[in-house]
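Quick note: residue numbers are just sequence positions, from 1.
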Amino acid sequence: MRTTTLWLEEPPTVVGAGIGVHGVSTAHDVFRLPDLWQLHLYHYEGALSLGQSVHAIRPGHVSLVPPDTEVHFHYRGRSEHLYVHLRLRESGSARTVPVMQDAAAESARLADLLRRAVTALPASPSRATAEVWAALWRIAELPSGEGEGGRHPYVSAAQAHVEEHLADPLAVPDIARAVGISHTHLTRLFRAETGLTVVSYIRRRRLQRARHLLASSTLSVTAVAAAVGIADLQAFNKACRRELGASPREVRATAARPRPGGEIGSSQAPEAPRAPKAPGHLTGL
């Protein structure tokens, strides 16, 4: 078994979590959980075998083994790992992920999340669930992941940079520099992964955030415009009409208007497809 199928739309049920210590009295363990997933983050070198598949264990590697799967652990002396035993509900979109992955730079963050889960579980199972759920999403989106909805790591890094800097001027060359690749390479990867240019993606995210703030907050239109990086009110008004089909005040009024039955109207206006513009500086889009 090289890959497994993961469902993450609903939180897991954490049944057990702790630090496993092995390899002291034996160099080989056989382990199976009939009804539970096994999540391990390793601090040692060894091997994990499932049927005919053998996976090297290295510090910083993480494994996800589905229920009712017999696994063989091979140790080289005292061996410690963080573990979580959990249930997943099969609902929503499924993701295919490797059974064993190198978490690399993410391993420290995963270790922090899992340690928090271990300490929280006895007193606050809901807190442990939150930590493990966050860890599972990070594992599913590791660069080596093969799951549906997974992104190329440079595209994911670019999207994260955009989210953190929507209120600031954003230029494609600056984003590329921030994630460590060339402008041309980022443009090509981004279009292949998302179907959008980087500029179109930034414009969409700015207006999606603007729609949320207009519909759900009491911020002034001027403050909303500044919060999404379009400080010029005339440009913001044009962008709202182009992308949302209404002026900022109309978007707010529509969201606040009661529907029949007393419900408040939705601000989620359908988005018409837009022709992408050439990449450039986005202070006023």
Side-chain angles (χ1 to χ4, degrees), residues 2-4 6 8 41-42 55-56 58-64 93-113 134-210 212 226-232 235 239 242-243 271 273-285:
R2 292 289 174 181
T3 62
T4 189
L6 207 56
L8 296 177
L41 179 63
Y42 300 97
H55 305 269
R58 299 285 185 271
H61 282 203
V62 61
S63 67
L64 275 167
S93 300
R95 290 169 172 258
T96 300
V97 300
V99 166
M100 181 75 75
Q101 299 186 76
D102 182 358
E106 279 289 297
S107 62
R109 178 58 177 157
L110 289 174
D112 182 56
L113 289 168
L136 288 171
W137 274 106
R138 287 179 174 269
I139 292 166
E141 295 176 348
L142 287 172
S144 58
E146 301 170 6
E148 178 185 346
R151 294 290 187 203
H152 191 287
Y154 287 132
V155 175
S156 296
Q159 289 174 322
H161 183 86
V162 168
E163 293 304 313
E164 293 172 8
H165 296 88
L166 274 184
D168 304 323
L170 283 167
V172 179
D174 293 336
I175 298 170
R177 192 176 304 112
V179 303
I181 58 176
S182 71
H183 175 184
T184 303
H185 192 190
L186 176 62
T187 300
R188 183 171 59 251
L189 286 175
F190 208 94
R191 188 62 177 263
E193 289 280 350
T194 70
L196 299 170
T197 65
V198 181
V199 171
S200 295
Y201 177 81
I202 295 169
R203 184 184 300 114
R204 173 177 292 184
R205 288 298 303 129
R206 279 179 164 160
L207 271 297
Q208 287 174 339
R209 183 171 294 183
H212 164 68
V228 299
I230 313 175
D232 182 279
R242 182 175 63 242
E243 298 293 327
E271 296 182 9
R274 304 291 171 184
K277 296 184 179 180
H281 206 273
L282 297 175
T283 55
L285 291 178

Exercise for the section: Can you measure from OG1 (Thr184) to CG (Leu186) and round to the nearest 0.5 angstrom? Expected result: 9.5 Å
Practice task
Starting at CG of Leu113, measure out to CZ of Arg138 and round the result to the nearest 0.5 Å.
Solution key: 6.0 Å
Problem - Any Ile230 side-chain heavy atom under 4.5 Å of Leu207 side chain - result: yes
Exercise for the section: Would you please name every residue forming a side-chain hydrogen bond (donor to acceptor under 3.5 Å, both in side chains) with Thr4, sequence neighbours left out? Expected result: none
Completion exercise
d(Ile181 CD1, Tyr154 OH) to nearest 0.5 Å is 6.5 Å
Handout entry: Results of ring-ring contact (aromatic ring centres under 6.0 Å, His included) for Phe190 - residues two or more places apart only
Key = Tyr201
Handout entry: Residue pair Ser63 / Tyr42, side-chain heavy-atom distance below 4.5 Å
Key = yes
Exercise for the section: Flag the pair Ile139 / Leu64 as yes when at least one side-chain heavy-atom distance between them is below 4.5 Å, and no otherwise. Expected result: yes
Exercise for the section: Provide the closest heavy-atom pair for Ala140 versus Leu8 in the form atom of the first, atom of the second, distance. Expected result: CB-CD1, 3.7 Å
Fill in the blank from the handout: Distance col, row Gln159:CD vs Glu193:CD, nearest 0.5 angstrom, shows 8.5 Å
Practice task
Please check if the side chain of Thr194 supplies one atom and the backbone of Arg191 the other of a donor-acceptor pair under 3.5 Å.
Solution key: no
Practice task
Of all the heavy-atom pairs spanning Val198 and Ile175, show the shortest one and how long it is.
Solution key: CG1-CD1, 4.0 Å
Problem - Nearest heavy atoms of Ala167 and Ala226, plus distance in Å - result: CB-O, 3.8 Å
Completion exercise
On a heavy-atom basis, the closest approach of Leu110 and Ala135 is CD2-O, 3.6 Å
Practice task
Answer yes or no: is there a side-chain heavy-atom contact under 4.5 Å between Val62 and Leu142?
Solution key: yes
Exercise for the section: With sequence neighbours excluded, give me every salt bridge (charged side-chain N to carboxylate O under 4.0 Å, His left out) pair touching residues 175-187. Expected result: Asp174-Arg177
Completion exercise
Rounded to the nearest 0.5 angstrom, the OG-CG distance for Ser107 and Asp102 is 7.5 Å
Problem - salt bridge (charged side-chain N to carboxylate O under 4.0 Å, His left out) pairs, two or more places apart, involving residues 154-166 - result: Glu163-Arg205, Glu163-Arg209
Problem - Listed partners of His165 passing ring-ring contact (aromatic ring centres under 6.0 Å, His included), at least two apart - result: His161
Handout entry: N/O donor-acceptor pair under 3.5 Å between Arg95 side chain and Leu6 backbone
Key = no
Exercise for the section: Go through Arg206 and Leu170 one step at a time and tell me if the side chain to side chain contact (heavy atoms under 4.5 Å, CB included) criterion holds. Expected result: CA-CA 11 Å; Arg206 279 179 164 160; Leu170 283 167; 3.9 Å; yes
Problem - Nearest-0.5 Å distance that lies between atom CD in Glu141 and atom CG in Leu136 - result: 11.0 Å
Practice task
Could I get the full list of salt bridge (Lys or Arg N to Asp or Glu O under 4.0 Å) partners for Arg109, not counting sequence neighbours?
Solution key: Asp112
Handout entry: Student check: side-chain heavy atoms of Arg2 and His55 closer than 4.5 Å
Key = yes
Handout entry: Sub-4.5 Å side-chain heavy-atom contact between Thr197 and Thr187
Key = no
Exercise for the section: Please lay out, stage by stage, how Ile202 and Val162 fare under the test side chain to side chain contact (heavy atoms under 4.5 Å, CB included). Expected result: CA-CA 7 Å; Ile202 295 169; Val162 168; 3.9 Å; yes
